[in-house]
A.B. asks: 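Take this structure first; my questions come after.
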Amino acid sequence: MSYSFSDQTTLSQELESLLRKLHSQVGNAITDDKYILFGAGSTQLLNAAVHALSHLNSSFPASAVASIPYYALYQMQTEFFDSADCSFQGDPARWKNATNTTGDIIEFVTAPNNPNGQLNEAILHGPNVKTIHDRAYYWPHFTGIPSPADEDLTIFTISKLTGHAGSRFGWAFIRNEEVYQRMNTFLQLNTMGVSRDTQLRAMKLLKVIIEDGGREIFEFGYKTMTKRWDRLRKTLSMSNRFSLQKVAPENCTYFQKVREPTPAYAWVKCEREEDKNCIEILNAAKILGRGGSVFHDDDRYARLSLIRSDDDFDMLISRLESLVSKEDGAKIM
């Protein structure tokens, strides 16, 4: 098995065609007149995008930013690789009215957001602003699809589409040819492209999905997530100690209705003044999650995953119910 296909590229043309067809069926991205690249999950593509956008039109180092709370990997990758061309600078709000910036600004925009499920939009605009749109969760089982994404650089991953996170497959749609070429060079020098075995696995998965336009997987996913969110809301509605994030309903062009959101994660807040570290309180009740500081937010918040197995979710609800029942003044379940 060679590194490349017969056309001397490392991208399967059949897989590319399937991905474009899937997005057309779902209506969550416009892929016409855009280049496509494959990566080892969205992780590698995010790093390639930062490399490509850094120093694109400026002789000064770029600044990467992301709205709080944000996915920790944005900062971790930027700082770990320690490029002279880019540094992580935190929340974009501090740059909104800045007039003396010298280098480009690269804003990560995550929609739906990890950890709180909000459909974030770009904060910064202008000729020196470059945007990376992370659309990992922009599928009908996690959010309404109000309109197809049509951005200059958009990244998706199969881990949140089908749950095959360990297969390590993601893809990016890129409008600008120079950015595409720079990202492609990064990927080729980094791993010589995505494993052909991984591409074959992704291709087989996508063939099954598009047979019915994704109806089976998305209806199953939406139904499952709706039931989980209903149980979680009911459990935490009895609590005076914990609150759950509020995400507005969205019109979904895929399901053709206004629907309640079903994010992948619960963004829980400890409301008591003395509860300064929410994840420690949850851990003491044998509930696993990630503290708010992981997402550069207050530790009064904690992220709980709702996309694990049924047994794991049932155990989560059971332990939350037990924790809530011990509250003074808690409502009776």
Side-chain angles (χ1 to χ4, degrees), residues 1-16 18-20 31 34-58 61-66 70-89 103-110 114 130-136 151-161 164-203 205-206:
M1 182 184 292
S2 172
Y3 295 114
S4 59
F5 293 95
S6 57
D7 60 358
Q8 302 306 306
T9 71
T10 57
L11 280 71
S12 163
Q13 291 186 358
E14 183 176 1
L15 179 53
E16 175 183 343
L18 289 170
L19 285 167
R20 293 182 188 276
T31 67
K34 291 174 186 169
Y35 301 96
I36 188 169
L37 282 175
F38 303 159
S42 60
T43 304
Q44 188 185 33
L45 290 164
L46 289 166
N47 196 20
V50 170
H51 164 79
L53 295 175
S54 300
H55 249 342
L56 188 63
N57 297 313
S58 173
S63 300
V65 297
Y70 56 77
Y71 181 41
L73 192 70
Y74 302 150
Q75 181 173 354
M76 292 169 66
Q77 275 199 153
T78 305
E79 292 179 345
F80 180 81
F81 291 109
D82 195 24
S83 170
D85 295 334
C86 186
S87 62
F88 195 84
Q89 296 293 329
D104 287 337
I105 299 174
I106 301 171
E107 183 179 1
F108 293 98
V109 178
T110 318
N114 176 4
K130 314 293 186 265
T131 311
I132 300 171
H133 291 267
D134 185 345
R135 293 280 188 175
E151 296 125 358
D152 290 342
L153 202 166
T154 310
I155 297 174
F156 291 89
T157 172
I158 208 166
S159 65
K160 304 308 182 293
L161 168 59
H164 290 78
S167 293
R168 309 309 304 134
F169 180 74
W171 59 100
F173 293 109
I174 306 134
R175 197 188 308 274
N176 182 279
E177 183 178 5
E178 184 181 356
V179 174
Y180 160 76
Q181 294 293 355
R182 288 169 65 91
M183 286 182 68
N184 189 39
T185 298
F186 177 96
L187 296 168
Q188 294 305 316
L189 293 176
N190 186 247
T191 56
M192 297 184 72
V194 173
S195 159
R196 290 178 67 177
D197 292 330
T198 295
Q199 293 189 55
L200 178 62
R201 184 173 184 81
M203 189 163 59
L205 290 167
L206 291 173

A.B. asks: Scan for salt bridge (charged side-chain N to carboxylate O under 4.0 Å, His left out) pairs involving residues 178-202, sequence neighbours excluded, and state none if there are none.
C.D. replies: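 Listed by first then second residue: nothing to list.
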A.B. asks: OG of S63 to NZ of K130: how many Å apart, nearest 0.5 Å?
C.D. replies: 12.0 Å
A.B. asks: Does T198 use its side chain to pair, donor to acceptor, with the backbone of V194 at less than 3.5 Å?
C.D. replies: no
A.B. asks: Is a side-chain donor or acceptor of T9 paired with a backbone partner of L11 at a separation under 3.5 angstrom?
C.D. replies: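 Checking the backbone N and O of L11 against the side chain of T9, a donor-acceptor pair under 3.5 Å is found.
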A.B. asks: Do I132 and E107 come within less than 4.5 Å of each other through their side chains, counting heavy atoms only?
C.D. replies: no
A.B. asks: Yes or no on side chain to side chain donor-acceptor pair (under 3.5 Å) for Q188 and T185, after CA distance, side-chain angles and deciding distance?
C.D. replies: CA-CA 5 Å; Q188 294 305 316; T185 298; over 6 Å; no
A.B. asks: M183 and L153: side-chain contact (heavy atoms from CB on, under 4.5 Å), yes or no, with the steps?
C.D. replies: CA-CA 11 Å; M183 286 182 68; L153 202 166; 3.9 Å; yes
A.B. asks: Quick one, K34 and I174 - any side-chain contact, counting heavy atoms below 4.5 Å?
C.D. replies: no
A.B. asks: How long is the gap from CD on E16 to CG on L37, to the nearest 0.5 Å?
C.D. replies: 9.5 Å
A.B. asks: Quick check for you: to the nearest 0.5 Å, what is the distance between H51 atom NE2 and C86 atom SG?
C.D. replies: 11.5 Å
A.B. asks: Is there a donor-acceptor contact under 3.5 Å linking the side chains of Q75 and T78?
C.D. replies: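 Judged by distance alone, the side chains do not pair up.
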A.B. asks: To the closest 0.5 Å, what do you measure between CG (L19) and CE (M203)?
C.D. replies: 11.0 Å
A.B. asks: Kindly indicate whether the side chain of T157, heavy atoms from C-beta on, has any atom under 4.5 Å from the side chain of D134.
C.D. replies: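 They are not in contact (no side-chain heavy atoms under 4.5 Å apart), so the answer is no.
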A.B. asks: Quick one: pull up CZ in F169 and OG in S195 and give me the separation to the nearest 0.5 Å.
C.D. replies: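 So the CZ of F169 and the OG of S195 are separated by 10.5 Å.
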A.B. asks: Anything under 30° is parallel, anything over 60° is perpendicular, the rest tilted; go ahead and classify Y74 against F108.
C.D. replies: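 Geometry flag for F108 against Y74: parallel rings.
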A.B. asks: Hey, what do you get for CG (L53) to CD1 (I105), rounding to the nearest 0.5 Å?
C.D. replies: 13.0 Å
A.B. asks: Hey, does L205 have a side-chain heavy atom less than 4.5 Å from the side chain of I158?
C.D. replies: yes
A.B. asks: Measuring only between side-chain heavy atoms, which start at C-beta, is I106 closer than 4.5 Å to T131?
C.D. replies: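 Contact flag for I106/T131 side chains = no.
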A.B. asks: Taking all non-hydrogen atoms of both residues, which atom of L187 and which atom of A48 are closest, and how far apart?
C.D. replies: CD2-CB, 4.1 Å
A.B. asks: Side chains of L161 and L206: does their closest heavy-atom pair fall under 4.5 Å?
C.D. replies: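 Side-chain contact under 4.5 Å: yes.
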A.B. asks: If we ignore hydrogens and angles and just use 3.5 Å, is the side chain of Q199 paired with the main-chain N or O of T10 as donor and acceptor?
C.D. replies: yes
A.B. asks: Report yes if the distance between the aromatic ring centroids of F88 and F80 is under 6.0 Å, otherwise no.
C.D. replies: no
A.B. asks: Are F38 and L15 side-chain neighbours, meaning at least one heavy-atom pair lies under 4.5 Å?
C.D. replies: yes
A.B. asks: Is the side chain of N184 donor-acceptor paired with the backbone N or O of F186 at a distance under 3.5 Å, no angle test?
C.D. replies: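 Looks like no, no N/O pair under 3.5 Å.
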A.B. asks: What do the steps show when you test S159 against H164 for side-chain contact (heavy atoms from CB on, under 4.5 Å), and what is the final call?
C.D. replies: CA-CA 5 Å; S159 65; H164 290 78; over 6 Å; no
A.B. asks: Give the ring-plane orientation class for F156 versus W171, where under 30° counts as parallel, over 60° as perpendicular and anything between as tilted.
C.D. replies: parallel
A.B. asks: Decide yes or no for F173 and R20: does some side-chain heavy atom of the first lie under 4.5 Å from some side-chain heavy atom of the second?
C.D. replies: yes
A.B. asks: Would you say R135's side chain and I155's backbone share a donor-acceptor pair under 3.5 angstrom?
C.D. replies: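 Side chain of R135 to backbone of I155: no pair is present.
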A.B. asks: For Q13, is the CD atom crowded, meaning more than 12 foreign heavy atoms sit under 6.0 Å from it?
C.D. replies: no
